Amino acid sequence: MPELPEIETVKRTLEPLICGTTIIKSQIIRPEIVAHPGAAEFRERICNQRIAATGRRGKYLLIHLDSGDTLIAHLRMTGRMLCTPPEHPLHPHTHAIFTLDNGRELRFADTRRFGRLWLLGAGESDDFSGIHRLGIEPFDQAFGAAYLKEKLSRRHIAIKQGILDQSVIAGLGNIYADEVLFAAAVAPFRRTDSMTDTQWQSVAAAICPILNSAISRNGTTFSDYLDGAGREGENMPYLQAYKRAGRACNRCGETMVRTKIGGRSTFYCPNCQK
DNA sequence: AGATGCACCTGTATGC
DNA sequence: TGCATACAGGTGCATC
């Protein structure tokens, strides 16, 4: 599922449902989805903690607790974190349930079981979740064409792989990488060491508008993704590149093409993306 | 060091 | 119908 716009939507939709509540019971149904600390310690330590705020870093969802502990979640491909009334039917791959003192449940479900949870203590250094390796947030003021060029222009990789590299820029995934390169009119296989300054400008300038318009539509759902309240995203019909192979390019009319870059399905216009 | 490919899982779609 | 294969929003690790 979830790239930056989807996690941001989960963060925003969970916020009013869980902030200020206390976790009065926690069940870990599948211990292996807890990456740190051990599942038993995780379950015990999170109990009786009050939820202070929700946050996001790259594609990581953060739930800050009053004690200074942070519940970190990564939903990977098919994960969901949602707050529901307890009578709501259980997703068949529900791996953790946190009962809140407002009568609702915060549930983590993930069909493919790639998703992970971490509980980080106040002041504990995080060398394991992957957050420490993340690059800049796209909405950071320091992000721009100069940053991207500096980080990528000496590497010999396709630009699509460059903007998918979470240690360069945090939050883009397979859908929005294709959308960004379509908007920038840059071919996804263009090598980062052959990009012009104009192309660096176009790519950098496309990123925030693409992410913001997806956020404004609550993200993109094509199969599994739901927000924190269990609603689908509405951005799918607005995609210009992803999944559009065989259809006319919305800019020039040429037939859109699908290929593979770095093992990932990639959609682009062979005429107007250079 | 940097680039590439595969492993981790389950579910769905497609073709024979 | 049954079976084999390919593919899916992500990341980490082994290997060259």
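What you see is a predicted model, and the numbers here were worked out from it, not measured in a lab. Numbers restart at 1 for each chain; the letters A, B, ... are given by sequence-line order, proteins then strands. All values below come from the heavy atoms of this structure, side chains included, with hydrogens, waters and symmetry mates left out.
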Q) Has A/Y176 got a side-chain N or O lying under 4.0 Å from the OP1 or OP2 atom of C/dG9? A) no
Q) Can you check the A/L75 CG to C/dT11 C1' distance for me, whole Å? A) 13 Å
(Q) Could you tell me how far C/dA14 sits from B/dC9 if I compare only their P atoms? Round to whole Å. (A) 16 Å
Q: Mind calculating the distance between CG (A/D178) and P (C/dG9) to the nearest angstrom?
A: 9 Å
Q. Can you check the A/D165 CG to B/dA1 C1' distance for me, whole Å?
A. 13 Å
Q: For A/R30, answer base if it contacts any base atom (sugar-phosphate contacts may also be present), sugar-phosphate if it contacts only those atoms, and nothing otherwise; contact means non-hydrogen atoms under 4.0 Å.
A: nothing
**Q.** Pairwise P distance, C/dT5 and B/dC6 [rounded to whole Å]
**A.** 16 Å
Q: Output the single nucleotide from C/dA8, C/dG9, B/dT4 whose closest atom is nearest the side chain of A/Q161.
A: B/dT4
Q.
Measuring to OP1 and OP2 of C/dG12, would you say a side-chain N or O of A/Q166 lies under 4.0 angstrom away?
A. no
Q) Cation over ring, A/K243 on A/F222, under 6.0 Å and within 45°? A) yes
Q.
On the nucleotide C/dG10, are OP1 or OP2 found under 4.0 Å from the side-chain N or O atoms that A/H74 carries?
A. no
**Q.** Nearest-nucleotide pick for A/R258, side chain only, options being C/dG9, B/dT4, C/dC7
**A.** C/dC7
(Q) From CG of A/N174 over to P of C/dG10, roughly how many Å is that when rounded to an integer? (A) 6 Å
Q. What integer distance in Å separates A/H36:NE2 from C/dG12:P?
A. 16 Å
Q.
Strictly by Watson-Crick or wobble contacts shorter than 3.5 Å, is anything paired with C/dG9, and which nucleotide is it?
A. none
Q) Would the number of heavy atoms belonging to other residues, nucleotides or ligands and lying under 6.0 Å from NZ of A/K274 be above 12? A) yes
Q) For the base of B/dA3, is there a side-chain donor-acceptor partner from A/R155 under 3.5 Å away? A) no
Q: Please state how far atom CZ in A/F222 lies from atom P in B/dA13, giving the value in whole angstrom units.
A: 12 Å
Q) In terms of side-chain heavy atoms of A/R112, which of C/dG10, C/dA8, B/dT4 is nearest? A) C/dA8
Q.
Please determine whether a side-chain nitrogen or oxygen atom of A/K59 lies at a distance below 4.0 Å from atom OP1 or OP2 of C/dT11.
A. yes
Q. Hey, does the side chain of A/H93 come within less than 4.0 Å of B/dC9's phosphate (OP1/OP2), counting only N and O?
A. no
Q: Look at the side chain of A/F114 and decide which nucleotide, out of C/dG9, B/dA3, C/dG10, has an atom nearest to it.
A: C/dG10
Q.
So, OP1 or OP2 of C/dG9: does either fall under 4.0 Å of a side-chain N or O from A/R264?
A. yes
Q: Could you tell me how the ring of A/F42 sits relative to the ring of A/F98: parallel (under 30°), tilted (30 to 60°) or perpendicular (over 60°)?
A: tilted
(Q) Let's test this: given Watson-Crick or G-U wobble pairing with both distances under 3.5 Å, identify the partner of B/dC9. (A) none
Q: Under 4.0 Å between any heavy atoms, over every strand shown, what does A/G173 touch: base, sugar-phosphate, or nothing? Just pick one.
A: sugar-phosphate
Q | Span that lies between the P atom of C/dG9 and that of B/dA13, in whole angstrom | A | 16 Å
**Q.** Pairing nucleotide - C/dT1, Watson-Crick or G-U, each distance under 3.5 Å
**A.** none
Q.
Same cluster or not: A/I23 versus A/L62, using hydrophobic residues (I, L, V, M, F, W, Y) connected whenever any side-chain heavy atoms lie under 4.5 Å apart?
A. no
Q.
I'd like to know if A/E3 pairs up with A/K59 as an ion pair, taking the criterion as any Lys NZ or Arg NE/NH1/NH2 lying under 4.0 Å from an Asp or Glu carboxylate oxygen.
A. no
Q) Which of parallel (below 30°), tilted (30 to 60°) and perpendicular (above 60°) describes A/Y60 and A/H74? A) perpendicular
(Q) Would A/R80 and A/Y225 count as a cation-pi pair here, with the cationic atom under 6.0 angstrom from the ring centre and within 45° of the axis? (A) no
Q) For A/M236 and C/dG9, what is the distance between atoms CE and P respectively, to the nearest whole Å? A) 11 Å
(Q) Expressed as a whole number of angstroms, how long is the span from A/K160:NZ to C/dG9:P? (A) 8 Å
